[in-house]
Amino acid sequence: MERIKILILEDSKEEAQIVENIVSKHYDVVGVATNYNEAVAFYHLHKPDLAILDIFIEGEREGTRFATYINENRAIPILFLTSAKDKISFTAAKSANPHSYLLKPIDPFGIKFTIELAFEKFVNGVGQLSTKEEAVLKVNEELFIKKKDSLFKISKNDVCYVEVDDKYCHVYTKDAQFLVQKTLKSFAEEFTDIFIQTHRRYLVNRNQIERIDTADYNIILKNKMTVPLSQRHKKEVLEIFTILK
């Protein structure tokens, strides 16, 4: 489990410090680049989840140039940061397909909300993070989970199992537990390659299964957690394993 990683491109030390101070309260700032080449190096070194880019770097639209580079390599959500309000700048920036804009001076609440919206727009999931307190968003093969005022990233492979509780789901990893507003059915549909339903209330990561106790109808995971196996799902679960007789 780790917090969302953010890369900043800003040539003004004062402005960069302001943005970093605000962002680092809830996310991990993995680099503050002051030029295009430095931004490219940080991008490959740290593999950020989101980039906040000033459109103009030393008078040139280097932010737009770097956004294009991101989109052509490993696409991530992009926020453009600018004090420019002219139509030409916005038209040029729009061609790089940003997910939102931030106008200087930065509003601490606004930047947090805009970051959440950027992730939503990136996966066409508007409202999944920004309108809920306990929320989860699938970005590529990872879960971005909102807990209080921060976003945490969890690889799908690190999820041991998911347990439904009314309108919520408990997501269990080896080291942490999260409560999110999402149905068990949604989890099952989004991760059909790795989750298998073992009970009306449980989804289990098939790669985390150590053994199946068919007599007691229990599944023991590699971390020694135990989840139930219902009669209804027994046949489906057993079919994914080679049984030696």
I need the minimum non-hydrogen distance between Asn223 and Cys160, along with the two atoms involved.
ND2-SG, 3.2 Å

If Ile, Leu, Val, Met, Phe, Trp and Tyr residues are connected whenever their side-chain heavy atoms lie under 4.5 Å apart, and connections chain through other members, are Val164 and Val162 in the same group?
yes

Whether Lys182 engages the ring of Tyr168 as a cation-pi pair (distance to the six-membered ring centre under 6.0 angstrom, angle to the ring normal within 45°) should be assessed.
no

side-chain hydrogen bond (donor to acceptor under 3.5 Å, both in side chains) partner of Lys156, chosen from Asn205, Asp193, Asn140:
Asp193

Has Arg3 got a side-chain atom pairing as donor or acceptor with Ser24's backbone, closer than 3.5 angstrom?
yes

Looking at the rings of His44 and Tyr69, which for Trp means the six-membered one, are their centres under 6.0 Å apart?
yes

Presence of salt bridge, Asp28 and Lys5, under 4.0 angstrom:
no

Quick one: side chains of residues 29-39, donor-acceptor pairs under 3.5 Å with protein atoms, not counting sequence neighbours, listed by atom name and distance.
residue	atom	partner	partner atom	Å
Thr34	OG1	Glu38	OE1	3.0
Asn35	OD1	Asn37	N	3.3
Asn35	OD1	Glu38	N	2.8
Glu38	OE1	Thr34	N	2.8

Side-chain heavy atoms of Gln197 within contact of Tyr202, under 4.5 Å
no

Are Tyr27 and Ile106 joined in one hydrophobic group, where the rule is that I, L, V, M, F, W and Y side chains link up if heavy atoms are under 4.5 Å apart?
yes

Mind listing the closest non-hydrogen atom pair of Thr114 and Ser100 along with its distance?
CG2-OG, 3.2 Å

If Ile, Leu, Val, Met, Phe, Trp and Tyr residues are connected whenever their side-chain heavy atoms lie under 4.5 Å apart, and connections chain through other members, are Val123 and Leu79 in the same group?
yes

On a heavy-atom basis, which atom in Ile22 and which in Pro108 lie closest, and how many Å separate them?
CG2-CA, 3.8 Å

What I want to find out is whether Glu10 reaches Lys104 closely enough, with some N-O distance under 4.0 Å, to be called a salt bridge.
yes

Should the ring pair Phe119 and Phe144 be called parallel, tilted or perpendicular, given that the plane angle runs from 0 to 90° and is split at 30 and 60?
perpendicular

Does NZ or CZ of Lys146 fall inside the cone over Phe152's six-membered ring, less than 6.0 Å from its centre and within 45° of the axis?
no

Ile196 backbone acceptor or donor facing Arg206 side chain under 3.5 Å
no

Any side-chain heavy-atom pair of Asp213 and Asp216 under 4.5 Å:
yes

So, do Leu221 and Thr226 sit near enough that their side-chain heavy atoms are less than 4.5 Å apart?
no

No-hydrogen, no-angle side-chain donor-acceptor test under 3.5 Å, Gln231 and Tyr217:
yes

What residues, two or more places apart in sequence or in another chain, satisfy salt bridge (Lys or Arg N to Asp or Glu O under 4.0 Å) together with Arg201?
Glu163

When you group the ILVMFWY residues by side-chain heavy-atom contacts below 4.5 Å and let the links chain together, are Leu203 and Ile220 in the same group?
no

Applying side chain to side chain contact (heavy atoms under 4.5 Å, CB included) between Leu143 and each of Val180, Asp158, Val136, Leu137, report the one that passes.
Val136

Which pair of non-hydrogen atoms, one from Ala51 and one from Ile70, has the smallest distance, and what is that distance?
CB-CD1, 3.9 Å

State whether Lys112 and Glu116 are salt-bridged, where the test is any N-O pair (Lys NZ or Arg NE/NH1/NH2 against Asp/Glu carboxylate O) under 4.0 Å.
yes

Contact between Phe80 and Asp54 at the side-chain level, heavy atoms closer than 4.5 Å - yes or no?
no

Taking Arg232's backbone N and O only, do any of them form a donor-acceptor pair with Arg200's side chain (distance below 3.5 Å, no angle check)?
no

Is Glu14 atom CD crowded by more than 12 heavy atoms from other residues, nucleotides or ligands, each under 6.0 Å away?
no

